[in-house]
**Student:** 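Quick one: structure below, then a few questions.
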Amino acid sequence: MKLHPSSLAWPRRRVFSSGLLVAALGLANLAHAQATDATEALRAFVRDAKAGRASFTQTVKSPDGKKTKNSSGKFEFSRPNRFRFVYEKPYAQTIVSDGQKVWFHDPDLNQVTVRKLGDALGSTPAALLAGQNMDKDFELKNQPDADGLAWVLATPRQKDGAIQALRIGFKGKQLAALEIADSFGQRSMLQFNDLQIEASLPPETFRFTVPAGADVAEQ
């Protein structure tokens, strides 16, 4: 199955596109957040989690629900708007934001696509998880508990984007899952493991060096 670029709100041939950018980004252990519900836990995460890292698994379902695509990898984030997604299975892919531009690297094609941060981010998972203007970009509403998690619905205020809605799931005060519904009917579920909050991460974590001989397209 060829996934549409909206699976994470950025253009991508195989697994991760749209963002973000998973969140797209940043995810966190909110064990110290004094949150009373999922919405407040999310706000606490955006407010208090300045940097962090985690591993993730992602499942994308086709609009008819009959086809799925699974992938896994690791990510790191540092506010504001810096993140690195490294997809490891089934195909390698790297997505890096240095706070000004977002770099998409496909090793199989030896191809790099570069976009301005504002154009790539918008109302995407990355904007919610790694940005700082959550309430500006999204409307938030608590949802009924399901699958052992407390959920909050985040609806983009920008109505003409690729992302229709995000659902963010918390187990207690710990961020556990992110579900993305896009305008093409796909649903993508990210589940997070080994979430670690850091005071900071080295600046070079969010620098991208174009590989030798790579084809570079700037949009």
Side-chain angles (χ1 to χ4, degrees), residues 1-25 27 54-75 83-97 102-113 115 119-130 138 143-149 151-156 158-171 175-195 215 217 219:
M1 179 183 70
K2 186 175 182 180
L3 301 181
H4 194 278
S6 60
S7 58
L8 270 182
W10 294 314
R12 168 57 189 153
R13 179 172 61 93
R14 290 200 182 93
V15 287
F16 182 97
S17 16
S18 49
L20 341 42
L21 351 156
V22 196
L25 196 352
L27 302 168
S55 59
F56 67 87
T57 58
Q58 179 181 356
T59 301
V60 181
K61 291 186 178 181
S62 61
D64 61 9
K66 295 180 179 180
K67 296 180 180 180
T68 61
K69 191 76 172 182
N70 298 315
S71 57
S72 62
K74 299 177 180 178
F75 80 91
F83 52 86
R84 175 182 291 269
F85 273 90
V86 178
Y87 278 79
E88 299 171 339
K89 297 178 181 180
Y91 305 105
Q93 179 190 4
T94 299
I95 303 171
V96 180
S97 169
V102 182
W103 308 76
F104 307 86
H105 178 220
D106 185 329
D108 291 347
L109 300 178
N110 200 20
Q111 185 178 76
V112 176
T113 302
R115 299 182 66 185
D119 296 336
L121 214 57
S123 296
T124 68
L128 189 151
L129 295 172
F138 297 91
Q143 297 286 286
D145 292 358
D147 301 320
L149 302 179
W151 293 89
V152 55
L153 176 68
T155 304
Q158 179 181 330
K159 301 303 182 183
D160 57 352
I163 299 300
Q164 287 192 330
L166 306 172
R167 292 176 70 237
I168 304 94
F170 289 85
K171 188 169 185 177
L175 186 62
L178 171 64
E179 183 183 54
I180 304 156
D182 67 31
S183 58
F184 300 92
Q186 288 187 150
R187 286 190 174 272
S188 180
M189 175 69 78
L190 287 97
Q191 295 176 304
F192 309 113
N193 301 293
D194 304 322
L195 304 179
D215 180 23
Q219 299 179 351

**Student:** More than 12 heavy atoms of other residues, nucleotides or ligands under 6.0 Å from NZ of Lys159: is that the case?
**Tutor:** yes
**Student:** So how far is it from Thr57 OG1 to Phe192 CZ, rounded to the nearest 0.5 Å?
**Tutor:** 8.5 Å
**Student:** Of all the heavy-atom pairs spanning Gly169 and Leu175, show the shortest one and how long it is.
**Tutor:** O-CD1, 3.6 Å
**Student:** Identify the heavy atoms of Pro156 and Gln164 that sit nearest to each other, and give their distance.
**Tutor:** CD-O, 3.3 Å
**Student:** Measure across Val102 and Phe104 and return the closest heavy-atom pair with its distance rounded to 0.1 Å.
**Tutor:** CG1-CZ, 3.6 Å
**Student:** Considering only heavy atoms from C-beta outward, does the side chain of Gln93 approach that of Asp106 to under 4.5 Å?
**Tutor:** no
**Student:** If you define the side chain from C-beta out and look only at heavy atoms, does anything of Asp215 sit under 4.5 Å from Leu109?
**Tutor:** no
**Student:** Considering residues at least two apart in sequence or located in another chain, which fulfil the ring-ring contact (aromatic ring centres under 6.0 Å, His included) criterion with Trp103?
**Tutor:** Phe208
**Student:** Indicate the atoms forming the closest heavy-atom contact of Trp151 with Ala146, along with that distance.
**Tutor:** NE1-O, 3.0 Å
**Student:** Rounded to the nearest 0.5 Å, what's the gap from OG1 on Thr113 to NE2 on His105? Could you check?
**Tutor:** 10.0 Å
**Student:** Starting at OG of Ser71, measure out to NZ of Lys89 and round the result to the nearest 0.5 Å.
**Tutor:** 11.5 Å
**Student:** When rounded to the nearest 0.5 angstrom, what distance separates CD1 in Ile95 from CZ in Arg84?
**Tutor:** 11.0 Å
**Student:** Is a side-chain donor or acceptor of Asp182 paired with a backbone partner of Phe184 at a separation under 3.5 angstrom?
**Tutor:** yes
**Student:** Can you tell me how far the CD1 atom of Ile168 sits from the CG atom of Leu153, to the nearest 0.5 Å?
**Tutor:** 7.5 Å
**Student:** Hey, are the side chains of Glu179 and Ser188 touching, using non-hydrogen atoms and a 4.5 Å cut-off?
**Tutor:** no
**Student:** Looking at CE of Met189 and CG of Asn70, how far apart are the two atoms once the value is rounded to the nearest 0.5 Å?
**Tutor:** 12.5 Å
**Student:** Give a yes or no answer on whether the side chain of Ser97 reaches the backbone of Phe83 with a donor-acceptor pair at less than 3.5 Å.
**Tutor:** no
**Student:** State, with a plain yes or no, whether a side-chain heavy atom of Tyr87 is found less than 4.5 Å away from one of Phe56.
**Tutor:** yes
